[in-house]
There are 2 protein chains.
Amino acid sequence: MYVNIRNMKFSRSAIPCCPPLLAGKLTPEEAVQLAALFRVLSEPARLQMLSLIAAQSNQEVCACELVETLGLSQPTISHHLKVMYEAGLLGKERRGTWIYYRILQDRLVVLRDVLA
Amino acid sequence: MYVNIRNMKFSRSAIPCCPPLLAGKLTPEEAVQLAALFRVLSEPARLQMLSLIAAQSNQEVCACELVETLGLSQPTISHHLKVMYEAGLLGKERRGTWIYYRILQDRLVVLRDVLA
DNA sequence: TTCTTATATTGACATACATCGATATGCTTT
DNA sequence: AAAGCATATCGATGTATGTCAATATAAGAA
């Protein structure tokens, strides 16, 4: 399994835990990409949604549950889910009437490594 | 030296490299705080500024150098520096006419750990 | 089909903020 | 004091986006 970080390919096992990636110069394009990801995380509601999903024993949650838990309207929840889904932070799966969302780790790993 | 992470105090040496902090439920207040930090990182210009500072051998840079390097006006650079300074991401020191900025690691560490 | 529930989309509105020109403040030198 | 350079602040403007009500779409039940 391989991971791309700033134009360089690493085998997963070759990545040290905390590589200092901010130490190299970011190209404008890289900066735009990373900023877009950080922007997705810059909403309290979205962070709470991620936290709620991560706290589930199944590591997933149906959208209706988020509507009940957070004090936001159903369209707003749906909007946030869409933003995170399109950013590659969430995966979704329909099972009957309900749609279950789960966290995709890859993008979060990229961001974490950038911050090292 | 101590670090506060989500209401818990850690001695620096006691922090494991990659503790999974998103696994616990975030309070609304924590979510607001973290989101504000992520928002600071959600601008490409600011990420490039951080990257430029980190790439210096002295780990610092004077504001004028940023104005020259990035294609933004001096007031805009000054604005971004202020945002990052007030967020605790940058320290500054005046030496004569120039003001030198450097990266403060603590907040970045908090964010990185949250993403684990 | 009809009804009910779950999720998504649309449209509108308000707020946040990145950006810049103009100007102010601060430090150094002459 | 005056001039020159570095940095900060102010005011204005345009754009992005979080939010909700209303509505549409989708799936299962009766």
Side-chain angles (χ1 to χ4, degrees), chain A residues 26 28-29 31-53 56 58 60-87 89-102, chain B residues 26 28-29 31-53 56 58 60-87 89-102:
Chain A
L26 289 176
E29 296 75 28
V32 168
Q33 295 249 36
L34 289 174
L37 266 184
F38 280 125
R39 182 170 297 269
V40 174
L41 297 179
S42 73
E43 277 305 307
R46 291 200 277 263
L47 289 182
Q48 281 194 274
M49 293 165 76
L50 288 175
S51 170
L52 266 167
I53 298 175
Q56 304 298 314
N58 358 349
E60 67 180 8
V61 78
C62 95
C64 61
E65 200 164 344
L66 293 172
V67 175
E68 291 171 10
T69 305
L70 308 172
L72 292 171
S73 72
Q74 180 269 325
T76 299
I77 297 291
S78 186
H79 165 69
H80 287 314
L81 287 171
K82 183 181 185 181
V83 169
M84 289 193 282
Y85 175 76
E86 292 184 341
L89 292 175
L90 292 183
K92 67 173 163 180
E93 180 190 358
R94 172 153 231 149
R95 291 208 291 275
T97 309
W98 301 276
I99 298 183
Y100 292 86
Y101 286 86
R102 65 171 55 243
Chain B
L26 290 175
E29 295 75 27
V32 168
Q33 294 250 33
L34 289 173
L37 265 184
F38 280 125
R39 182 170 298 267
V40 175
L41 297 179
S42 73
E43 278 304 307
R46 290 200 277 263
L47 289 182
Q48 282 195 274
M49 292 164 77
L50 288 174
S51 170
L52 265 167
I53 298 176
Q56 304 297 314
N58 2 351
E60 67 180 9
V61 78
C62 95
C64 61
E65 201 165 345
L66 293 172
V67 174
E68 291 171 9
T69 304
L70 307 172
L72 293 171
S73 72
Q74 180 270 324
T76 299
I77 296 292
S78 186
H79 165 68
H80 287 313
L81 287 170
K82 183 181 184 180
V83 168
M84 290 193 281
Y85 175 76
E86 291 183 341
L89 293 175
L90 293 183
K92 67 174 166 180
E93 179 191 358
R94 172 154 233 149
R95 292 209 289 276
T97 309
W98 301 276
I99 299 184
Y100 293 86
Y101 286 87
R102 65 173 56 242

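Proteins get letters first, then strands, A, B, ... in listed order; numbering begins at 1 in each. This is a predicted model, so every value here is computed, not measured.
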All N/O pairs under 3.5 Å across the protein-nucleotides 16-20 of chain C interface:
residue, atom, partner, partner atom, Å
C:dA18, OP1, B:Arg46, NH2, 3.2
C:dA18, OP2, B:Arg46, NH1, 3.3
C:dA18, OP2, B:His79, NE2, 3.0
C:dT19, OP2, B:His80, NE2, 2.3
C:dC20, OP2, B:Ser73, N, 3.0
C:dC20, OP2, B:Ser73, OG, 3.0
C:dC20, OP2, B:Thr76, OG1, 2.7

*Between B:Arg39 and A:Glu43, does at least one N-O distance fall below 4.0 Å, as a salt bridge requires?*
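Salt bridge: yes.
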*Inspect the contact between B:Glu60 and B:Lys92 and indicate whether a charged nitrogen and a carboxylate oxygen are less than 4.0 angstrom apart.*
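No salt bridge links B:Lys92 with B:Glu60.
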If only side-chain N and O atoms of [X] are considered, is one of them under 4.0 Å from the OP1 or OP2 phosphate oxygen of [N]?
| X | N | value |
| --- | --- | --- |
| A:Ser78 | C:dA8 | yes |
| A:Lys82 | C:dT9 | yes |
| A:Lys92 | C:dA6 | no |

Rounded interatomic separation in angstrom, taking [atom1] from [X] and [atom2] from [N]:
| X | N | atom1 | atom2 | answer |
| --- | --- | --- | --- | --- |
| A:Trp98 | C:dT4 | CH2 | C1' | 12 Å |
| A:Glu65 | C:dA6 | CD | C1' | 14 Å |
| A:Leu81 | C:dA6 | CG | P | 15 Å |

Determine yes or no for a side-chain-to-main-chain donor-acceptor pair under 3.5 angstrom, with [X] supplying the side chain and [Y] the backbone.
| X | Y | value |
| --- | --- | --- |
| A:Ser51 | B:Leu26 | yes |
| A:Arg46 | A:Val40 | yes |
| B:Thr69 | B:Glu65 | yes |

Do [X] and [Y] have side-chain heavy atoms sitting under 4.5 Å apart?
| X | Y | result |
| --- | --- | --- |
| A:Leu66 | A:Gln48 | no |
| B:Leu81 | B:Ile99 | no |
| A:Leu41 | A:Leu37 | no |
| B:Leu52 | B:Leu70 | yes |

*Please work out if A:Tyr101 contacts a base, only the sugar-phosphate, or nothing of the nucleic acid, heavy-atom cut-off 4.0 Å.*
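Sugar-phosphate, no base atom in range.
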*Looking at every strand, decide which applies to A:Tyr85 at a 4.0 Å heavy-atom threshold: base, sugar-phosphate, or nothing.*
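Nothing, no heavy atom under 4.0 Å.
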*Which pair of non-hydrogen atoms, one from A:Val67 and one from A:Gln74, has the smallest distance, and what is that distance?*
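Residues A:Val67 and A:Gln74, closest heavy atoms: CG2-CA, 4.0 Å.
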*Starting from the first five and the last five pairs of the helix from C:dT1-D:dA30 to C:dT30-D:dA1, work out the angle between the resulting helix axes, to 10 degrees.*
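Between the axes fitted at each end of the helix from C:dT1-D:dA30 to C:dT30-D:dA1 lies an angle of 20°.
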*With a cut-off of under 6.0 Å to the ring centre and 45° to the axis, is A:Arg95 in cation-pi contact with A:Tyr100?*
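Ring-cation test returns yes.
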*asked:* I'd like the 5' and 3' limits of the part of DNA chain D contacted by chain A, with heavy-atom contacts below 4.0 Å.
replied: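 Contact boundaries, 5' end first: D:dT17 to D:dG28.
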